[in-house]
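So the structure is just underneath, and the comments pick up after that.
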Amino acid sequence: MSNHDTLRVELGARSYDILVGSNLLADTAKYIAPFVRKAGVVVISDTVVADKHLPTVLASLDGANIAHREVVVPSGEKSKSFATFADVVEQILAMGIERSTVIIALGGGVVGDLAGYVAASLLRGLDFVQIPTTLLSQVDSSVGGKTGINSKSGKNLVGAFHQPRLVLADTAVLDTLSPREMRAGYAEVAKYGLIDDPDFFAWLEENGQAVIDTDGPERRQAVIKSCAAKARIVSEDEREGGKRALLNLGHTFGHAFEAETGYGQKLLHGEAVAMGMVIAHDVCGAMGMAPAGEKDRIVAHLKSVGLPVCASEVSGMHWDIDKVISHMSRDKKVRDGEITFVMTRGIGKAFTSKAMDVDKMRAAITRSCRG
């Protein structure tokens with residue numbers, strides 16, 4: 001019996017598998033063998049993940065006689081920068097790579113986004129494999145081919161769509177994460193229920209803490225369900241022309257909060273998304289679109305797993321509402337000068353619209369910031 005589940009992202013010639021299971025890292029070579037040629041692989045990781053998981057991956061590659069080289073970048077969001085991108089590209093070019101060299105992204109969302117963009121850029125496109133090591137990256141950023149780096153103007157504004165050849169999601173590695181990182185990743189799991197799967201959200205209300213706590217059947221089920229949801233949406237809308245935008249539920253608000261805090265440890269991405277999803281439901285409730293009580297249900301669940309639900313919970317921040325709103329105007333989802341918002345008619349009923357009541361939005365952001 002296989003120790004993993006296989007999901008397929010259907011994109012014609014660019015289709016690929018997502019493998020979800022426990023203790024897959026030790027067999028990395030077996031899973032990537034179909035894509036590897038004599039030129040071998042370059043593993044990109046960060047300092048924290050390299051200490052914990054790089055030896056396991058390299059032992060597997062050595063055991064299969066797969067040639068490998070490594071690039072390790074500093075841990076944290078600051079590595080999604082032009083400076084780090086340039087440094088990594090120059091290091092890899094100096095290795096004498098070929099078009100058949102495969103890039104392996106071993107790490108969380110920062111490493112995955114950076115390494116994917118490096119792969120998209122080098123020699124006009126190298127194959128790459130995602131080995132996500134955080135809950136957030138396993139259920140969201142590793143799937144779908146969005147790669148990129150941040151600029152001074154905002155997050156993820158420089159990048160490319162470049163699909164991986166494989167995603168290897170080892171749920172056992174999540175046991176090495178801090179509880180805070182697990183909670184932050186869990187916000188993206190809850191998002192899938194809030195977009196279009198109320199039954200999944202109800203299941204999470206019963207099993208969410210187990211997903212966070214241990215590498216058991218609940219965690220595996222949550223990762224599989226989340227990846228299946230994202231795979232389905234990406235297969236329908238690879239380049240975010242329509243339905244894929246629903247995956248940004250809460251993100252327009254969340255990115256604005258992240259920008260104000262400087263993309264650091266003060267506010268993690270998943271924490272910002274949790275706060276943003278609450279605001280989205282708050283605004284839509286105030287506009288008469290969503291049942292008022294559903295926001296309370298969402299707040300109760302996110303609180304129950306330890307996620308922040310208001311911006312006022314971020315310690316040491318005195319939010320400037322005008323600055324938060326100005327960050328939103330630089331969002332990637334701006335079209336013809338207008339922001340396309342992910343709105344909702346209730347749990348599992350998300351949709352996109354530009355018809356946002358600006359006054360009610362400002363009021364909801366203010367409520368979040370003032371507590």
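Since the model is a prediction, treat every value here as computed from it, not as a measurement.
Counting heavy-atom neighbours within 6.0 Å of R180 CZ, excluding the residue itself, gives a total above 12. Annotation: K78, atom NZ; neighbour count of heavy atoms from other residues, nucleotides and ligands within 6.0 Å does not exceed 12. The environment of NZ in K52 is crowded: more than 12 heavy-atom neighbours from other residues, nucleotides or ligands sit within 6.0 Å. Heavy atoms from other residues, nucleotides or ligands lying under 6.0 Å from NZ of K243 number more than 12.
With hydrogens and angles disregarded, a donor-acceptor distance shorter than 3.5 Å links the side chain of N207 to the backbone of W203. No side-chain donor-acceptor contact under 3.5 Å links T252 to the backbone of N248. The closest donor-acceptor contact from the side chain of T101 to the backbone of I97 lies at 3.5 Å or more, if one exists at all. Side-chain N or O atoms of D237 include one that pairs as donor or acceptor with a backbone N or O of G241 at under 3.5 Å. Of the possible polar contacts, one joining the K230 side chain to the D140 backbone as a donor-acceptor pair under 3.5 Å is found.
V43 and V118 are assigned to two separate hydrophobic clusters, defined by single-linkage of ILVMFWY side chains at heavy-atom distances under 4.5 Å. Put simply, L302 and L249 are part of the same group of oily side chains (I, L, V, M, F, W, Y) that touch within less than 4.5 Å, one to the next. Hydrophobic clustering (side-chain heavy atoms under 4.5 Å, transitive across Ile, Leu, Val, Met, Phe, Trp, Tyr) keeps V48 apart from L54. L136 and Y117 sit in two unconnected hydrophobic clusters of ILVMFWY residues. Membership requires side-chain heavy atoms under 4.5 Å apart, directly or through other members. Linking Ile, Leu, Val, Met, Phe, Trp and Tyr whenever their side-chain heavy atoms come within less than 4.5 Å leaves V42 and V72 in two separate clusters.
Between the side chains of K80 and N156, at least one donor-acceptor pair of N or O atoms lies under 3.5 Å. Looking at S137 and T134, their side chains do bring a donor and an acceptor atom within 3.5 Å of each other. With hydrogens and angles left out, the side-chain atoms of H269 and E271 include no donor and acceptor closer than 3.5 Å. Remark: the Q209 side chain and the E218 side chain contain no N/O donor-acceptor pair separated by less than 3.5 Å. Judged by distance alone, the side chains of H255 and E260 never bring a donor and an acceptor atom under 3.5 Å apart. Under the 3.5 Å distance criterion, with hydrogens and angles disregarded, no donor-acceptor pair is assigned to the side chains of D113 and T147. Under the 3.5 Å distance criterion, with hydrogens and angles disregarded, no donor-acceptor pair is assigned to the side chains of D17 and T6.
Among all heavy-atom pairs drawn from G112 and A105, the shortest one is CA-CB, 4.0 Å. Between S368 and F257, the shortest heavy-atom distance links the atoms OG-CZ, 4.3 Å. The nearest pair of heavy atoms linking D170 to V173 is O-CG2, 3.1 Å. For the pair H301 and Y186, the tightest heavy-atom approach, listed with the atom from each and the gap, is NE2-OH, 2.6 Å. Of all heavy-atom pairs between I339 and M328, the closest is CD1-O, 3.3 Å. Taking every heavy atom of both residues into account, I66 and A29 meet most closely at CD1-CB, 3.9 Å.
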Working note: D27 + L24, criterion side-chain contact (heavy atoms from CB on, under 4.5 Å); need CA distance, chi angles, decisive distance, verdict. CA-CA 6 Å; D27 291 319; L24 303 183; 6.0 Å; no

What do the steps show when you test I44 against V88 for side-chain contact (heavy atoms from CB on, under 4.5 Å), and what is the final call? CA-CA 9 Å; I44 301 177; V88 171; 3.9 Å; yes

* To do: List the steps, then state whether salt bridge (charged side-chain N to carboxylate O under 4.0 Å, His left out) holds for D322 with R362.
  => CA-CA 9 Å; D322 289 326; R362 173 180 277 274; 2.5 Å; yes

- salt bridge (charged side-chain N to carboxylate O under 4.0 Å, His left out) between E236 and R244, worked out: CA-CA 8 Å; E236 293 177 29; R244 185 167 179 175; over 6 Å; no

What verdict does the side-chain contact (heavy atoms from CB on, under 4.5 Å) test give for L168 and Q130, after you've listed the backbone C-alpha separation in whole Å, the side-chain angles of each residue and the deciding distance to 0.1 Å? CA-CA 6 Å; L168 197 61; Q130 287 272 20; over 6 Å; no

- Message: Run the side-chain contact (heavy atoms from CB on, under 4.5 Å) test on S235 and V9 for me, step by step, so that the C-alpha distance in whole Å, both residues' side-chain angles and the decisive distance to 0.1 Å come before the verdict.
- Response: CA-CA 6 Å; S235 295; V9 181; 4.0 Å; yes

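Residues P74 and D46 are not in side-chain contact: their nearest non-hydrogen atoms beyond the backbone lie 4.5 Å or more apart. Within the 4.5 Å cutoff, no side-chain heavy atoms of F253 are placed close to those of I325. Between M277 and T344 there is no side-chain heavy-atom pair separated by less than 4.5 Å.
Checked against the 6.0 Å centroid threshold, F200 and Y192 do not count as a close aromatic pair. When ring centroids are compared, H4 and Y31 come within the 6.0 Å threshold. In summary, the aromatic rings of H162 and F128 are positioned with their centroids under 6.0 Å apart.
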